[in-house]
*Asks:* 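Dropping the structure in here first, questions after.
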Amino acid sequence: MKVGSWNEWDPLKHVIVGRADGTMVQAPEPAVVRNWPEDGFALGTYGPLPEEMTAAANEQLDDFARILEARGIRVDRPRPLDFSRPVATPEWSQKSMFGAMPVPDVLVVIGNELLEATMSFRSRWFEYLAHRPLIESYFRADPGMRWEAAPKPRLTEASYRPGFWGEYEALPYEEQIARVRAGELVLTEAEPLFDAADIARCGKDLFVQRSLATNTAGIRWLRQHLPEHRVHGVTFENAHPVHIDATWVPLRPGLVLHCAERPAERELLQYLKANDWQVVQAATPGRQAPPPLSACSPWLSMNVLVLAPGTVCVEASETAQMEQLDRLGFEVVPVAFWDVAPFGGGLHCATLDVHREGTLEDYFPKRSGRF
């Protein structure tokens, strides 16, 4: 038993696959607006996702786990909590939690360190508890493992911009993008906040997206916590940035899959060019609308899981994405996963790579601009 992973592509040996059980449409809170009246959840309402949707998602998650196990990969599963319960700290109360499907939102492995993210939604403050039994077992089994938790945030009103959502959604797209670039989104800089799913790992270089879930203070905390790495704060032309793994996906050394609708910063592209990396625009999604009760975008088509430098799992209905990756030289493993989207995302969203067989490498030896 070993905890260790340096990037998104080394041979996968051990993974956690999430579960859909008990997932909630969250109760209202400063960081989240859910408004799906056509699907039974108008603005201000909340509750569990329908049982038939949960059963369909769990069937696909279980099938995915079996596919991985058949390839010799160890698969663990979390222990869902009662996410319908209200939660509180001495400074706030929240009427529901969320779920335990998107494991890498709250956890990331960097080298031999397993790090629990702060999270920035009150509904997800206690989500780490669904994974603690597994983490504790890894700690007992691996004497070389580092177990860290980022400072648990207070998430008081000071952490959020008052009235943000109504004001922001009324802005023209160009002004929204200007706010994204300036880091003037729902989170203030009152305390470090980040979701682990905003981190793309490339050996010594970590690309961390500033988003609706990750602020500049969170990126600074990661930089100070991980001095042996180069931690780069990045933004994309995305009016609603949440998690980097459907926008910027490293596939193997020298190759990144990028969402064409969300252009990267010029300096980031120059950094990759200076180090002979190729940036490939992801194929157009086959599905142009998310399923009911999903906060995800159609670009889940590029939310893939790399099993090894030449092997990648892709949503089975996204034929254009599979064909593109085949042309790039990958063995493509189709995985039916669309029913999982309402529970927090795609194939990469559902998995935490506990162990990949590899070492720390410097894939970007040449500096360029602010990078």
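What you see below is based on every heavy atom in this structure, not just the backbone, and it leaves out hydrogens, waters and symmetry mates. Small disclaimer: the values here were computed from a predicted structure and weren't measured.
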*Asks:* For Leu193 and Thr214: C-alpha separation, side-chain torsions, deciding distance, then whether side chain to side chain contact (heavy atoms under 4.5 Å, CB included) applies.
*Replies:* CA-CA 5 Å; Leu193 297 170; Thr214 298; over 6 Å; no
*Asks:* Give a yes or no on whether Val15 and Leu307 share a hydrophobic cluster (residues Ile, Leu, Val, Met, Phe, Trp, Tyr; joining criterion: side-chain heavy atoms under 4.5 Å apart).
*Replies:* yes
*Asks:* Taking the six-membered ring for Trp, are Trp125 and Tyr128 parallel (under 30°), tilted (30 to 60°) or perpendicular (over 60°)?
*Replies:* perpendicular
*Asks:* Is Asp353 salt-bridged to Arg201, going by a charged N under 4.0 Å from an acidic O?
*Replies:* yes
*Asks:* Can Glu315 and Ser317 be counted as having a side-chain donor-acceptor contact under 3.5 angstrom?
*Replies:* yes
*Asks:* Would you say Asn7's side chain and Asp10's backbone share a donor-acceptor pair under 3.5 angstrom?
*Replies:* yes
*Asks:* Donor-acceptor pair, distance only, cut-off 3.5 Å: does the side chain of Asp245 make one with the backbone of His348?
*Replies:* no
*Asks:* Do Val234 and Leu212 belong together in a cluster built from hydrophobic side chains that touch within less than 4.5 Å?
*Replies:* no
*Asks:* Can you tell me if CD on Glu184 sees more than 12 non-hydrogen neighbours from other groups inside 6.0 Å?
*Replies:* yes
*Asks:* Less than 4.5 Å apart, any side-chain heavy atom of Leu272 and any of Leu269?
*Replies:* no
*Asks:* Quick one: do Phe364 and Leu257 end up in the same hydrophobic cluster if we chain Ile, Leu, Val, Met, Phe, Trp and Tyr together by side-chain heavy atoms under 4.5 Å apart?
*Replies:* yes
*Asks:* For Arg230 and Lys204, indicate whether the former's side chain and the latter's backbone hold a donor-acceptor pair under 3.5 Å.
*Replies:* no
*Asks:* Check the side chains of Gln321 and Thr319 for a donor-acceptor pair under 3.5 angstrom, ignoring hydrogens and angles.
*Replies:* no
*Asks:* Atom CZ of Phe41 and atom CD of Gln26: how far apart are they, to the nearest 0.5 Å?
*Replies:* 11.0 Å
*Asks:* Please test Phe337 against Phe64 for side chain to side chain contact (heavy atoms under 4.5 Å, CB included), starting from the C-alpha separation and ending with a verdict.
*Replies:* CA-CA 8 Å; Phe337 218 66; Phe64 183 35; 3.7 Å; yes
*Asks:* Rounded to the nearest 0.5 Å, how far apart are CG of Leu268 and OG1 of Thr235?
*Replies:* 9.0 Å
*Asks:* For a 4.5 angstrom cut-off between non-hydrogen side-chain atoms, does Val304 reach Leu251?
*Replies:* yes
*Asks:* Please verify the inter-ring angle class for Phe164 with Tyr168; under 30° counts as parallel, over 60° as perpendicular, anything in between as tilted.
*Replies:* parallel
*Asks:* Which word best sums up how the rings of Phe207 and Phe371 line up, parallel for under 30°, tilted for 30 to 60°, or perpendicular for over 60°?
*Replies:* tilted
*Asks:* Pair Asp339, Met53 - check side chain to side chain contact (heavy atoms under 4.5 Å, CB included), show working.
*Replies:* CA-CA 7 Å; Asp339 291 336; Met53 290 179 65; over 6 Å; no
*Asks:* Quick check: are there more than 12 heavy atoms from other residues, nucleotides or ligands sitting under 6.0 Å from CZ of Arg74?
*Replies:* yes
*Asks:* Report the C-alpha distance between Ile199 and Leu222 in whole Å, list the side-chain angles of each, state the deciding distance to 0.1 Å, and finish with yes or no for side chain to side chain contact (heavy atoms under 4.5 Å, CB included).
*Replies:* CA-CA 10 Å; Ile199 304 170; Leu222 286 164; 3.9 Å; yes
*Asks:* Is the closest basic N to carboxylate O distance between Glu191 and Lys152 below 4.0 Å?
*Replies:* no
*Asks:* Have Gln94 and Ser123 got a donor and an acceptor in their side chains that come within less than 3.5 Å?
*Replies:* no
*Asks:* Step by step, work out the side-chain hydrogen bond (donor to acceptor under 3.5 Å, both in side chains) result for Thr359 and Glu361.
*Replies:* CA-CA 6 Å; Thr359 57; Glu361 304 289 343; 2.7 Å; yes
*Asks:* For His240 and Glu169, test the side chains for any donor-to-acceptor distance below 3.5 angstrom and give the result as yes or no.
*Replies:* yes
*Asks:* Report yes or no: does Glu267 contribute a side-chain atom to a donor-acceptor pair with the main-chain N or O of Gly369 at less than 3.5 Å?
*Replies:* no
*Asks:* Set out, in order, the CA-CA distance, both residues' side-chain angles and the distance that settles side-chain hydrogen bond (donor to acceptor under 3.5 Å, both in side chains) for Arg370 and Tyr271, then state yes or no.
*Replies:* CA-CA 9 Å; Arg370 67 179 175 86; Tyr271 186 49; over 6 Å; no
*Asks:* Over 60° means perpendicular and under 30° means parallel, so classify the ring planes of His258 and Trp248, tilted if in between.
*Replies:* perpendicular
*Asks:* Answer with yes or no whether the hydrophobic clustering places Leu305 together with Leu255; edges join I, L, V, M, F, W, Y residues whose side-chain heavy atoms lie under 4.5 Å apart.
*Replies:* no
*Asks:* Regarding Trp299 and Glu261, do their side chains bring together a donor and an acceptor under 3.5 Å, going by distance alone?
*Replies:* yes
*Asks:* Can a donor-acceptor pair be found between the side chains of Trp147 and Glu136 at a distance below 3.5 Å?
*Replies:* no
*Asks:* Would you name the heavy atoms of Pro78 and Ala100 that are closest together and state the gap between them?
*Replies:* CG-O, 3.8 Å
*Asks:* I'd like to check Val3 versus His355 (side-chain heavy atoms, cut-off strictly below 4.5 Å). Are they in contact?
*Replies:* no
*Asks:* Kindly indicate whether the side chain of Leu115, heavy atoms from C-beta on, has any atom under 4.5 Å from the side chain of Leu107.
*Replies:* no
*Asks:* Carefully, step by step, assess Ser211 and Gln209 under the rule side-chain hydrogen bond (donor to acceptor under 3.5 Å, both in side chains).
*Replies:* CA-CA 6 Å; Ser211 74; Gln209 177 182 232; 4.6 Å; no
*Asks:* May I ask whether Tyr160 and Met119 are part of the same hydrophobic cluster, defined by side-chain heavy atoms of I, L, V, M, F, W, Y residues being less than 4.5 angstrom apart, directly or through others?
*Replies:* yes
*Asks:* More than 12 heavy atoms of other residues, nucleotides or ligands under 6.0 Å from CD of Glu228: yes or no?
*Replies:* yes
*Asks:* Can you tell whether the side chains of Arg132 and Glu116 come within less than 4.0 Å, N to carboxylate O?
*Replies:* yes
*Asks:* May I ask you to decide whether Arg122 forms a salt bridge with Glu157, counting only side-chain N to carboxylate O separations under 4.0 Å?
*Replies:* yes
*Asks:* Looking at Glu174 and Arg179, is any side-chain nitrogen of the basic one under 4.0 Å from a carboxylate oxygen of the acidic one?
*Replies:* no
*Asks:* Below 4.5 Å, heavy atoms only, C-beta onward: do Asp105 and Phe121 meet side chain to side chain?
*Replies:* no
*Asks:* Kindly check if the number of other-residue, nucleotide or ligand heavy atoms within 6.0 Å of CZ (Arg287) is above 12?
*Replies:* yes
*Asks:* Between His243 and Asn303, is there a side-chain donor-acceptor contact under 3.5 Å, judged purely by atom types and distance?
*Replies:* no
*Asks:* Does NZ or CZ of Arg356 fall inside the cone over Trp9's six-membered ring, less than 6.0 Å from its centre and within 45° of the axis?
*Replies:* no
*Asks:* Quick one: are Val106 and Asp195 in side-chain contact, heavy atoms under 4.5 Å?
*Replies:* no
*Asks:* To the nearest 0.5 Å, what is the distance between CD on Glu8 and SG on Cys202?
*Replies:* 7.0 Å
*Asks:* Under a 3.5 Å threshold, yes or no: a donor from one side chain and an acceptor from the other, between His229 and Asp205?
*Replies:* no
*Asks:* Using every non-hydrogen atom in the two residues, find where Pro298 and Ala289 come nearest and quote the distance to one decimal.
*Replies:* CG-N, 4.1 Å
*Asks:* So do the side chains of Arg34 and Met24 get within less than 4.5 Å of each other, counting heavy atoms only?
*Replies:* no
*Asks:* With a 4.0 Å cut-off, would you call Glu69 and Arg66 a salt bridge?
*Replies:* no
*Asks:* For Arg262 and Ser297, which heavy atoms make the closest approach, and how far apart are they?
*Replies:* NH2-OG, 3.0 Å
*Asks:* Between Ser96 and Ala27, is there a donor-acceptor pair closer than 3.5 Å when you use the side chain of the first and the backbone of the second?
*Replies:* yes
*Asks:* Roughly how far, to the nearest 0.5 Å, is OG1 of Thr54 from CD of Glu52?
*Replies:* 8.0 Å
*Asks:* So, taking the atom named CD1 in Ile67 and the one named SG in Cys313, what distance separates them when rounded to the nearest 0.5 Å?
*Replies:* 7.0 Å
*Asks:* Could you check whether His225 and Glu113, counting side-chain N and O atoms only, form a donor-acceptor pair closer than 3.5 Å?
*Replies:* yes
*Asks:* Between the side chain of Trp92 and the main-chain N/O of Arg154, is any donor-acceptor distance below 3.5 Å?
*Replies:* yes
